[in-house]
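In what follows, every chain begins at residue 1, and chains take the letters A, B, ... in the order their sequences are listed. Heavy atoms only: backbone and side chains are in, while hydrogens, waters and symmetry mates are out.
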Amino acid sequence: MTTYRAIRGMVDILPDQTPLWQSMETAALEVLSSYGYAEIRLPIIESTDLFARSIGEVTDIVEKEMYSFPDRNDDSMTLRPEGTAGCVRAIVQHNLAVTTQRLWYMGPMFRYERPQKGRQRQFHQLGVEAFGVATPDQDVELIALSRQLWRRLGVDDALQLEINSIGSAADRVRYRQALVDYLSGHRDQLDADSQRRLDTNPLRILDSKNPETQALLESAPALSEYLDTETQAEFAALLSQLDLLGVTYVVNPRLVRGLDYYNKTVFEWTTDRLGAQSTVCGGGRYDTLVATFGGKDTPAAGFAVGLERLILLMQSLDITVTAAADLYVVTADENAYRHSLPRLDALRRQFPDLDIVQHLGGGSFKSQFKRADKSGAAWALVYGEAEVSANQVSLKPLRVDAEQQTIADGELATFLAGYLAEAHSA
RNA sequence: GUGGCUGUAGCUCACCAGGUAGAGCACCGGAUUGUGACUCCGGAGGUAGCGGGUUCAAGACCCGUCAGCCACCCCA
C-alpha cells in the first residue's frame, strides 16, 4: 500500500487554519470594495508565450520557475506564476480599458522554486490592478488601500514600505548603459550571478545581497539621476501625498523588482519577522503592458500580496481566529432527536446567521456534552425527555458561568434574536 | 539550481556503547440513574519517511532517495 503525500511545495490548508484564512479574505474583500475595486476571475492556465512576453524572457521566473507543458494539441501552456499577465490579457481581450478599471483577484500561483518557509510552489496571491490613470494619485490610492488592509488585519506595525522610481523605459535604457559601463570596469569584483546579469539584466545587480557587489555599487551611477523631470516630479508628488496620509516609507534607490514590465513607481511592503522571505506585498506601475498586448495605450499600476506570508505574519503576531458554533444541540434519545429535527430546520430558516451544530451518532448525555464543550459552542441546546414532553428546550451556557434555563418552545426565537443582537453589538 | 541541518505515535519530543520503542498533550471509554470544563482510572495508537548496505543483531552506523527547515538564489 503506497502512502501518498502532497507533492513538493504544495501544501494543504487544514480546517484549523481556514478560519484565519477566511477572516483575512473577508477583510480584504471589504477593504477592496470600500475603495470601489471589483473582482475579476481569471484562468489558472494561459499560453506560455503570454508570460514570457510580459514578465520578460530573461527573468528568473520565465527562465527556470514556470510550470510549462504541452497540452494535447502540443501548444505550450503554463500554470500562472503571477496574475498581472492574465489580467491584462483579459482587459485587452474584452476591451475593458475604454474606461478606468479598478480590479482585484485572488487565487493560486505556481512557481517551481526550492521550498522553504514563506515560499511554496503553489501559493496564493491577492492581486490588485488599476487601469487608465497615469497620475500618481493612482499609486497613492493603491498604497493607501494596502495599508488600510494591514491595519484591518492588525499587522501594520510589522510592515515597512520601501519605494522607488525606476523611470520610463527610455530612462532605463540610458541608465542601463551607464551602469554597464561602470560595472564592466570592475567585472572581476562582481559575484558570479552579477557577472551573468551584466549581460542579461544588469538592473537586477542593484539588489544583490553580496557585500562586495553592494560596496561596488556605492560609487556607481544612481538611477534617480537618469529620470526625466516629469518622472521626478511625479515621484515627488507621490511621496508628498503619502506624507499627507501619514504613510511612512523608505525610499530605496536599489529597489528594482524582478519583472520587466514595471516602470516609474515600484514598491514593496516588507517585514523582519519572516526570515529571508520578507516581502509580503510588492507592485508598481506598468504603463506599457496593455499596449504590448495589443490594447490601446493604457497606463496601469498594481500590486500582489503573498497570502501565505501574510498568514505567517499574522501568526507571528499571535493573531488567531477560531470558528465556534452558537448552538450545539443535544438530544436524549431517538424520540427527542425526531422532535428536534423540524424545529431546528425552522430555526435555521429564521436565523440564517446562527451557527447550529447538531450532535450526530447518539451517545450518552455525558458524551454529547463533552462534544458540545470541545466544539467551542456558546450554548448547548438540550432536548431531553422532560423538555420534549413539555414542549420546552433547555439552554445551557458553555462559555460563561451561568445557570441553565428551560424555556417554552415558543420563546426560543425571541431568546435567540436577543442573543444575536447582543453578539453583533459586542 | 548550490551549501547546510533535520526526519521516532495526530502534535511536541525522549530513550539507546547498535540488542526488536517511551513521555506529555491530543484522542476514545469509565468514575450509580439526564449535563461539559478540573481530578482520578483505563484504552487505543508507531513494520522509527522510504529503499538498500554493514552487523549474529540497526530507529540508532554507511549510502541512496523523498520531504521539511535555514542560508544563497528568487520573489509574493
Taking [M] as the reference, what is the distance to [N] when you measure between their [atom1] atoms (whole Å, please)?
{"N": "C75(B)", "M": "G4(B)", "atom1": "C1'", "answer": "22 Å"}
{"N": "U20(B)", "M": "G52(B)", "atom1": "P", "answer": "22 Å"}
{"N": "G51(B)", "M": "A60(B)", "atom1": "P", "answer": "13 Å"}
{"N": "C69(B)", "M": "C27(B)", "atom1": "C1'", "answer": "28 Å"}
{"N": "C13(B)", "M": "U6(B)", "atom1": "P", "answer": "14 Å"}
{"N": "G59(B)", "M": "G7(B)", "atom1": "P", "answer": "15 Å"}
{"N": "C62(B)", "M": "G18(B)", "atom1": "P", "answer": "11 Å"}
{"N": "G46(B)", "M": "C72(B)", "atom1": "C1'", "answer": "37 Å"}

Give [X] one of three labels, base, sugar-phosphate or nothing, depending on what nucleic acid heavy atoms sit under 4.0 Å from its own.
{"X": "Val330(A)", "value": "nothing"}
{"X": "Ala380(A)", "value": "nothing"}
{"X": "Leu259(A)", "value": "sugar-phosphate"}
{"X": "Gly83(A)", "value": "nothing"}
{"X": "Ala276(A)", "value": "base"}

With both distances under 3.5 Å as the test, what is the Watson-Crick or G-U wobble partner of [N]?
{"N": "U8(B)", "answer": "none"}
{"N": "U54(B)", "answer": "none"}
{"N": "C28(B)", "answer": "G42(B)"}
{"N": "G22(B)", "answer": "C13(B)"}
{"N": "G34(B)", "answer": "none"}
{"N": "C73(B)", "answer": "none"}
{"N": "U47(B)", "answer": "none"}

Could you check how far [atom1] of [X] sits from [atom2] of [N], rounded to whole Å?
{"X": "Gln214(A)", "N": "C72(B)", "atom1": "CD", "atom2": "P", "result": "13 Å"}
{"X": "His339(A)", "N": "G34(B)", "atom1": "NE2", "atom2": "P", "result": "19 Å"}
{"X": "Gln277(A)", "N": "G68(B)", "atom1": "CD", "atom2": "C1'", "result": "15 Å"}
{"X": "Arg196(A)", "N": "U2(B)", "atom1": "CZ", "atom2": "C1'", "result": "13 Å"}
{"X": "Tyr261(A)", "N": "C75(B)", "atom1": "OH", "atom2": "P", "result": "11 Å"}
{"X": "Arg5(A)", "N": "A67(B)", "atom1": "CZ", "atom2": "C1'", "result": "5 Å"}
{"X": "Asp193(A)", "N": "C75(B)", "atom1": "CG", "atom2": "C1'", "result": "15 Å"}
{"X": "Glu268(A)", "N": "C75(B)", "atom1": "CD", "atom2": "C1'", "result": "8 Å"}

Report task. Ignoring the backbone of Arg399(A), work out which of C75(B), G36(B), U35(B) is nearest its side chain. Result -> G36(B)
Report task. Go through the structure and list residues passing side chain to side chain donor-acceptor pair (under 3.5 Å) with Arg273(A), not counting sequence neighbours. Result ->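 For Arg273(A), the residues satisfying side chain to side chain donor-acceptor pair (under 3.5 Å) (neighbours in sequence not counted) are Ser316(A).
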Requested in this report: For A67(B), take OP1 and OP2 only and decide whether either is under 4.0 Å from a side-chain N or O of Arg8(A).
Outcome: yes
Requested in this report: Verify side chain to side chain contact (heavy atoms under 4.5 Å, CB included) between Leu159(A) and Val280(A), making sure each step is shown before the conclusion.
Outcome: CA-CA 8 Å; Leu159(A) 251 16; Val280(A) 171; 4.0 Å; yes
Query raised in the report: Which is it for Arg348(A) and Asp345(A) under the salt bridge (Lys or Arg N to Asp or Glu O under 4.0 Å) test, yes or no, and what are the steps along the way?
Result: CA-CA 5 Å; Arg348(A) 292 181 196 281; Asp345(A) 197 55; 5.6 Å; no
Could you tell me whether [X] atom [atom1] has more than 12 heavy atoms of other residues or ligands within 6.0 Å of it?
{"X": "Glu212(A)", "atom1": "CD", "answer": "no"}
{"X": "Glu385(A)", "atom1": "CD", "answer": "no"}
{"X": "Asp188(A)", "atom1": "CG", "answer": "yes"}

Requested in this report: Determine, step by step, whether Arg399(A) and Asp373(A) satisfy the salt bridge (Lys or Arg N to Asp or Glu O under 4.0 Å) criterion, reporting the C-alpha distance in whole Å, the side-chain angles of both residues, the deciding distance to 0.1 Å, and the verdict.
Outcome: CA-CA 9 Å; Arg399(A) 301 301 135 202; Asp373(A) 182 53; 3.5 Å; yes
Query - Parallel, tilted or perpendicular: ring planes of His186(A) versus Tyr182(A), cut at 30 and 60 degrees - result: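 Because their plane-to-plane angle lies in the 30° to 60° range, the rings of His186(A) and Tyr182(A) count as tilted.
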Requested in this report: Under 4.0 Å from any atom of RNA chain B, heavy atoms only: list the residues of residues 110-124 of chain A that qualify, in numerical order.
Outcome: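 Here the set is Arg111(A), Glu113(A), Arg114(A), Pro115(A), Gln116(A), Lys117(A), Gly118(A), Arg119(A), Gln120(A), Phe123(A).
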**Report entry** Sorted by number, the residues of residues 362-374 of chain A with heavy-atom contact under 4.0 Å to RNA chain B
**Finding:** Phe365(A), Lys366(A), Phe369(A), Lys370(A), Arg371(A), Asp373(A), Lys374(A)
Report task. Using only heavy-atom distances, decide whether a donor-acceptor pair under 3.5 angstrom links the side-chain of Glu387(A) to the base of G34(B). Result ->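 Between G34(B) and Glu387(A), which were checked side chain against base, a qualifying N/O pair under 3.5 Å is present.
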Report task. For the pair Gln392(A) (side chain) and Asp409(A) (backbone), establish whether a donor and an acceptor sit closer than 3.5 Å, ignoring hydrogens and angles. Result ->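 No, because the side chain of Gln392(A) does not come within donor-acceptor range (under 3.5 Å) of the backbone of Asp409(A).
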Report task. Could you grab the distance from atom CD of Glu129(A) to atom CH2 of Trp104(A), nearest 0.5 Å is fine? Result -> 13.0 Å
Report task. Would you name the heavy atoms of Ser54(A) and Leu289(A) that are closest together and state the gap between them? Result ->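 Reported closest heavy-atom pair: CB-CD1, 3.7 Å.
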Query raised in the report: Under the side chain to side chain contact (heavy atoms under 4.5 Å, CB included) criterion, do Phe131(A) and Leu103(A) qualify, and how do the steps go?
Result: CA-CA 8 Å; Phe131(A) 298 90; Leu103(A) 303 172; 4.0 Å; yes
Query raised in the report: Which comes earlier along RNA chain B counting from the 5' end, the contact point of Val400(A) or that of Arg204(A), where each point is its nearest nucleotide?
Result: Val400(A)
Report summary line: Judged by nearest nucleotide, the residue sitting upstream toward the 5' end of RNA chain B, Asn210(A) or Leu307(A), is Asn210(A)
